[in-house]
Protein chains: 2
Amino acid sequence: MVDLKMCPKFESAFELLGKRWTGLIIHALLSGCRRFCDISEMIPHMSDRMLAERLKELEAAGILKRIVYPETPVRIEYELTEKGHELKPVMDAIQKWAEQWISPEEKQDAST
Amino acid sequence: MVDLKMCPKFESAFELLGKRWTGLIIHALLSGCRRFCDISEMIPHMSDRMLAERLKELEAAGILKRIVYPETPVRIEYELTEKGHELKPVMDAIQKWAEQWISPEEKQDAST
DNA sequence: GCCATTACTTACATTAAGTAAGTCTGTTTA
DNA sequence: TAAACAGACTTACTTAATGTAAGTAATGGC
């Protein structure tokens, strides 16, 4: 064997990214979504319950911040912090890989 | 909102990577692990049960192949296919991000 | 024959995620 | 004034995924 130990920072990063929906939510925010309903619409298979939970986790992890605009009616927006925005190269690499290697049959839901 | 639909290939890629352990297993294989026990050793928090399950999934997804050497005793090795190996840029991007943005306190297990 | 090793499998407990309905604040409609 | 509506969540409950621990099968050494 080559390495005996996994880099703990890498492991920690995957505790975040290796959770269902997390990556897709970050991707949605990177591509311009800001509001709860927008993100929800962009990821149709995900429930509101999961979105709310993940948004809290991502906020706690410093990936995004929740901004309340005390308008009428109140508007809440989510935006990536610098830490979150810096995940763009990761998302781009995944996008590139997916385009090259995921065949049409692997698409999980052909209903739309 | 900007985009209305998530790219289905991207979504499909995250069905794989967005599962616990998957990323760490691929990382282990990229860094030279080949045998069940080696991977298991490199990811101490993961159980054998999960490793066996993930290896099957990754084999089914064409990310790796299982090779049996009918020696005495039999030796089984796992190696990445081209599809699997091409995830290196993704892993590198994550590693780079993790090194820059994960603070020491976020390391999940400081026992070792 | 008995114990060890490797690569799993099985059974059962716990945690995470899915589904659907409900809450809260404020607004618009009747 | 009350009923209905919108947005952003919560809560309760079910199902699926993961964790834990013990067991299996093939081979070799003691």
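Here is the naming used below: chain letters follow the sequence lines, and residue numbers restart at 1 for every chain. Just so we're clear, the structure is a prediction, and the values are computed from it rather than from any experiment.
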Atom-pair distance ([atom1] on [X]; [atom2] on [N]), nearest Å:
{"X": "A/Leu55", "N": "D/dT10", "atom1": "CG", "atom2": "P", "result": "10 Å"}
{"X": "B/Arg66", "N": "C/dT6", "atom1": "CZ", "atom2": "C1'", "result": "11 Å"}
{"X": "B/Ile39", "N": "C/dT6", "atom1": "CD1", "atom2": "P", "result": "14 Å"}
{"X": "A/Ile76", "N": "C/dG26", "atom1": "CD1", "atom2": "P", "result": "12 Å"}
{"X": "B/Leu51", "N": "C/dT6", "atom1": "CG", "atom2": "P", "result": "14 Å"}

**Message:** Strictly below 4.0 Å: does B/Arg35 bring a side-chain N or O up to OP1 or OP2 of C/dA7?
**Reply:** yes

**Any B/Lys56 side-chain N or O less than 4.0 Å from OP1/OP2 of C/dT9** =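 Yes, such a contact exists.
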
**Message:** Test: salt bridge (Lys or Arg N to Asp or Glu O under 4.0 Å). Region: residues 42-56 of chain B. Which pairs qualify, not counting sequence neighbours?
**Reply:** B/Arg49-B/Glu53, B/Arg54-B/Glu57

For [X], which residues count as a side-chain hydrogen bond (donor to acceptor under 3.5 Å, both in side chains) partner, sequence neighbours excluded?
{"X": "A/Lys96", "answer": "none"}
{"X": "B/Glu86", "answer": "none"}
{"X": "A/Glu82", "answer": "none"}
{"X": "B/Glu59", "answer": "none"}

**Message:** I'd like to check the ring-ring contact (aromatic ring centres under 6.0 Å, His included) partners of A/Phe10; sequence neighbours left out, ordered by chain and number.
**Reply:**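 Applying ring-ring contact (aromatic ring centres under 6.0 Å, His included) to A/Phe10 gives A/Phe14, B/His27.
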
**Those residues that, when tested against A/Glu79, pass salt bridge (Lys or Arg N to Asp or Glu O under 4.0 Å) (two or more places apart)** = A/Arg34, A/Lys65

**Item:** Annotated protein contacts, base or backbone, on nucleotides 12-20 of chain C with a non-hydrogen cut-off under 4.0 Å, one of B, S, - each
**Value:** -----BBB-

Between protein and nucleotides 24-28 of chain D, what N or O pairs are separated by less than 3.5 Å?
{"residue": "D/dG28", "atom": "OP1", "partner": "B/Thr72", "partner atom": "OG1", "Å": "2.9"}

**Asked** With distance as the sole test, does A/Trp97 use its side chain to make a donor-acceptor pair with the main-chain N or O of A/Ile102 at under 3.5 Å?
**Response**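 Side chain of A/Trp97 to backbone of A/Ile102: no pair is present.
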
